[in-house]
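This report refers to the structure that appears directly beneath it.
Just so it is clear, the model here is predicted, and its values are computed rather than measured. In what follows, every heavy atom counts, from backbone to side chain, and hydrogens, waters and symmetry copies are set aside. Reminder, nothing fancy here: chain letters follow the sequence lines and each chain counts from 1.
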Protein chains: 2
Amino acid sequence: MPNEPAHELRLTIMRLARQLRSQKAEGDITDGQRSVLFSLEDAGAQSLSALSARERVTPPSMNRTVGALVALGLVTRETASDDARRVTIGITDDGIRFVRETRRRRDEWFSSRLSTLTPEERAILAKAAPILKGLADK
Amino acid sequence: MPNEPAHELRLTIMRLARQLRSQKAEGDITDGQRSVLFSLEDAGAQSLSALSARERVTPPSMNRTVGALVALGLVTRETASDDARRVTIGITDDGIRFVRETRRRRDEWFSSRLSTLTPEERAILAKAAPILKGLADK
DNA sequence: TATTGTTATACTCTATAACTATA
DNA sequence: TATAGTTATAGAGTATAACAATA
């Protein structure tokens with residue numbers, strides 16, 4: 001692939017992602033809060049320090065984010081059973097519902113766009129998808 | 001395209017975009033500052049209010065962002081010749097260099113990833129690119 | 001009197017430093 | 001003495017409200 005198409009494809013990817021990101025979830029939480037919630041739903045309960053490392057944020061900052069999510073009832077904060085210094089952050093049923101609803105909305109929006117394509121175009125995207133995934137995994 | 005692949009493709013796009021965004025430019029300015037700079041390079045000099053509307057930010061906020069860019073020598077702020085209330089924000093030569101360097105780095109990073117693909121895979125992406133662009137333009 | 005930009009002030013998010021409790 | 005988390009405090013960035021200058 002020559003360089004100019006690479007440039008176009010890159011811009012297109014950034015633009016599509018921007019549009020997808022702007023499809024807000026209902027409860028309107030911040031980006032950081034949403035990221036933590038997705039992380040917890042995806043990787044399970046974690047200690048505060050593990051979570052802050054994963055999200056590349058300092059522990060005090062993560063503490064605040066977690067506090068906000070606890071206040072919203074989307075996350076739990078409990079002292080670990082084996083080490084009383086440690087705290088385990090988990091996602092609540094409401095949190096899980098929130099994550100799934102957000103995913104559903106984003107998928108729905110994207111699917112509705114895809115549905116405007118011709119079968120041939122969709123077939124090309126179906127072939128391109130795993131290649132793009134490979135790029136992201138590198 | 002069935003629904004599951006749509007989900008995968010969406011995630012892949014968001015992930016690639018995140019990786020592209022994290023390819024920092026040199027001078028390390030904020031996201032908002034970079035966005036304004038790209039906008040000025042792209043659409044030319046603009047008034048403060050036009051710029052704040054375009055970036056969906058309030059005038060006071062844009063004023064602060066512009067002030068920071070002026071201090072960095074990347075942008076100019078001058079009173080308009082026809083209306084003394086108005087201010088025209090323009091990009092400097094250094095600003096243009098900054099934008100182009102950032103673009104160059106991002107393209108380079110993305111191209112280097114593409115270069116790991118087989119010619120067949122690149123051909124598929126070349127066909128997929130305009131389709132994705134069409135989706136983003138909708 | 002309406003419009004353009006700026007200043008004053010407050011709120012949110014994140015960071016570093018200091019502190020508490022536990023190991 | 002080291003570690004996990006929290007609290008205190010400060011620095012960006014953005015917002016609304018009030019203000020100044022110009023049309």
Donor/acceptor link under 3.5 angstrom from A:Arg85 side chain onto base of D:dT3: yes

Under-4.0 Å salt bridge between B:Glu101 and B:Arg104: yes

Phosphate OP1/OP2 of D:dA15: any B:Arg64 side-chain N/O under 4.0 Å: no

For atom CE of A:Met62 and atom P of C:dA15, their distance in whole Å: 9 Å

Protein-nucleotide distance (A:Asp82, atom CG; C:dT22, atom C1'), rounded to Å: 12 Å

Salt-bridge criterion met for A:Asp107 and A:Arg103 (N-O under 4.0 Å): no

Interatomic distance, B:Asp31 CG vs D:dA12 P [rounded to whole Å]: 16 Å

Phosphate-side-chain proximity, B:Ser61 and D:dG13, N/O vs OP1/OP2 below 4.0 Å: no

Which residue lies more 5' along DNA chain C, comparing B:Arg86 with A:Thr30 via nearest heavy atoms: B:Arg86

B:Pro60 side-chain proximity, nearest of C:dT14, C:dT6, D:dA8: C:dT6

Nucleotide C:dC13, atom P - distance to CD1 of A:Ile29 in whole Å: 11 Å

Interatomic distance, A:Asp83 CG vs D:dA2 C1' [rounded to whole Å]: 12 Å

Donor-acceptor pair, side chain of B:Arg113 and main chain of A:Leu135, under 3.5 angstrom: yes

Lys/Arg-Asp/Glu bridge criterion (N-O < 4.0 Å) met for A:Arg15, B:Asp137: yes

Side chain of B:Ala84 (C-beta onward), nearest among D:dT14, C:dG5, D:dT22: D:dT22

Phosphate OP1/OP2 of C:dT6 contacted by B:Asn63 side-chain N/O (<4.0 Å): yes

Distance in angstrom units between B:Glu78 CD and C:dT4 P, rounded: 19 Å

Closest to the B:Gln33 side chain, choosing from C:dT14, D:dT14, D:dG13: D:dG13

Check: A:Gly44 main-chain N/O paired with A:Gln46 side-chain donor or acceptor under 3.5 Å: yes

Distance below 4.0 Å between A:Ser47 side-chain N/O and D:dA4 OP1 or OP2: no

Integer-rounded Å distance: C:dT4 P and B:Leu51 CG: 15 Å

Interatomic distance, B:Leu48 CG vs C:dT7 P [rounded to whole Å]: 11 Å

Short side-chain N/O contact from A:Thr58 to OP1 or OP2 of C:dT16, under 4.0 Å: no

Side-chain H-bond candidate by donor/acceptor type, A:Ser35 with A:Glu55, under 3.5 Å: yes

Sugar-phosphate only, base, or nothing, as touched by B:Ser49 at under 4.0 Å among non-hydrogen atoms: sugar-phosphate

Closest listed nucleotide, where the reference is the side chain of B:Val87 and the choices are D:dT6, D:dT22, C:dG5: C:dG5

5'-most by nearest nucleotide on DNA chain D - B:Arg56 or A:Ala50: A:Ala50

